[in-house]
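A short worksheet on the structure shown next.
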Amino acid sequence: MADLKSTFLKVYSTLKSELLEDPAFEWTDESRQWVERMLDYNVPGGKLNRGLSVIDSYKLLKEGKELTEDEIFLASALGWCIEWLQAYFLVLDDIMDNSHTRRGQPCWFRVPKVGLIAANDGILLRNHVPRILRNHFRNKPYYVDLLDLFNEVEFQTASGQMIDLITTLEGEKDLSKYTLSLHRRIVQYKTAYYSFYLSVACALVMSGENLDKHIDVKNILVEMGVYFQVQDDYLDCFGDPETIGKIGTDIEDFKCSWLVVKALELSNEEQKKVLYENYGKPDPANVTKVKALYKELDLQVVFAEYESKSYQKLTASIEAHPSKAVQSVLKSFLGKIYKRQK
Ligand code: GPP
Ligand code: MG
Ligand code: MG
């Protein structure tokens with residue numbers, strides 16, 4: 001595994017060097033240094049689960065056949081396209097959510113002299129994805145399928161981000177619209193497709209599969225993605241910022257988090273009043289009151305129950321899948337996130 005990760009990181013250096021020599025631009029030392037620093041700051045510093053999963057999944061789909069060096073490189077390049085896409089989303093999401101830290105360091109837009117240049121850096125990161133694909137997949141029969149897949153998933157994510165954001169609009173702050181079905185809609189689109197479906201879909205496309213024949217796999221991965229974002233919502237409040245590498249802002253930002261939805265479900269009138277008066281305000285005193293109410297309502301226990309139920313349900317749907325190879329892809333994914341602390 002450590003070995004796979006170091007091979008994967010070597011591919012990052014190769015892809016970065018190619019982008020820094022992109023013949024479509026007249027580079028100067030200054031511009032090259034800016035992009036290199038921006039990439040090193042934003043692309044490789046996460047858990048790399050999404051990227052590594054492309055290689056893992058491709059291997060499992062090959063059912064034990066040794067991968068060639070070329071196959072490992074290509075699966076890694078696709079994995080990095082997902083990590084690039086994620087870096088683009090996170091750079092922009094942190095501006096939109098007014099976040100402070102990410103992956104244990106200040107958010108890119110908070111770095112001195114970066115500021116809103118980060119918005120353009122996000123656009124550059126986004127443009128790097130089709131450039132990587134063009135450099136390495138242009139002659140593959142599945143090139144168009146890859147481009148189409150990345151476009152579809154980006155559209156789904158931006159649409160989810162849109163509903164995540166418009167529900168928090170000033171003047172329309174209305175907790176009564178926060179239900180489990182709205183929460184599900186948001187997280188399915190903003191997180192599940194790019195974080196779960198995309199890695200496996202890349203591996204399937206590379207194996208020559210037609211994605212239209214794998215709707216059942218997509219559905220299971222979307223369920224897994226919803227579970228993953230519920231964990232993210234939980235960790236935003238109850239996680240250790242040192243471990244998760246970011247400081248939560250969901251309460252301040254009036255986010256439709258799984259926690260506030262559950263709190264609304266479980267509150268009596270008096271407790272609801274506490275939520276209505278304190279949720280979505282920047283003052284730490286208000287945030288403290290919301291967190292105290294979450295504890296009073298035993299949301300940690302409610303979450304633990306949700307977590308084990310989701311695990312059981314997901315395992316059952318995975319085991320119902322006809323292909324053992326697909327089962328092992330999905331099980332390996334689930335194993336990576338079950339009871340995660342970061
Ligand atoms: C993260 O949700 C959402 C994304 C990364 C999608 C962003 C999409 C764009 C088109 C910019 P979050 O805000 O709950 O995550 P975190 O807790 O990591 O900030
Ligand atoms: Mg967000
Ligand atoms: Mg955010």
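As the structure lists them, so they are numbered: ligands from 1, and atoms in each ligand from 1.
A cation-pi arrangement is present between R340 and F228, with the terminal nitrogen or guanidinium carbon under 6.0 Å from the aromatic centre and inside a 45° cone about the axis. Taking the ring axis of W108 as reference, the NZ or CZ atom of R110 does not stay both within 45° of it and closer than 6.0 Å to the ring centre.
Heavy atoms from other residues, nucleotides or ligands lying under 6.0 Å from CZ of F155 number 12 at most. Heavy-atom neighbours of L116 CG from other residues, nucleotides or ligands within 6.0 Å: at or below the threshold of 12. For R185, the CZ atom is loosely surrounded, since the number of other residues' heavy atoms within 6.0 Å does not exceed 12.
Taking the six-membered ring where tryptophan is involved, the planes of Y142 and F137 are tilted, since the angle between them lies from 30° to 60°. Ring geometry, F196 versus F333: the interplanar angle falls from 30° to 60°, so the pair is classed tilted.
For the Mg ion (ligand 2), the count of nearby protein N/O/S atoms, taking only those under 2.8 Å, is 2.
Taking the side chain as every heavy atom from C-beta outward, T68 and I72 never approach each other to under 4.5 Å. Side-chain atoms of L124 and V35, non-hydrogen and from C-beta on, do get closer than 4.5 Å to each other.
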Pairs under 3.5 Å, nitrogen or oxygen of ligand 1 with protein nitrogen or oxygen:
unit_1	atom_1	unit_2	atom_2	d
ligand 1	2 (O)	K190	NZ	3.4
ligand 1	13 (O)	D93	OD1	3.2
ligand 1	13 (O)	D93	OD2	2.9
ligand 1	13 (O)	D97	OD2	2.7
ligand 1	14 (O)	K190	NZ	2.9
ligand 1	14 (O)	Q229	NE2	3.3
ligand 1	17 (O)	D232	OD2	3.1
ligand 1	17 (O)	K246	NZ	3.2
ligand 1	18 (O)	R102	NH1	2.7
ligand 1	18 (O)	R102	NH2	3.2
ligand 1	18 (O)	K246	NZ	2.7
ligand 1	19 (O)	D93	OD2	3.0
ligand 1	19 (O)	R102	NH2	2.9

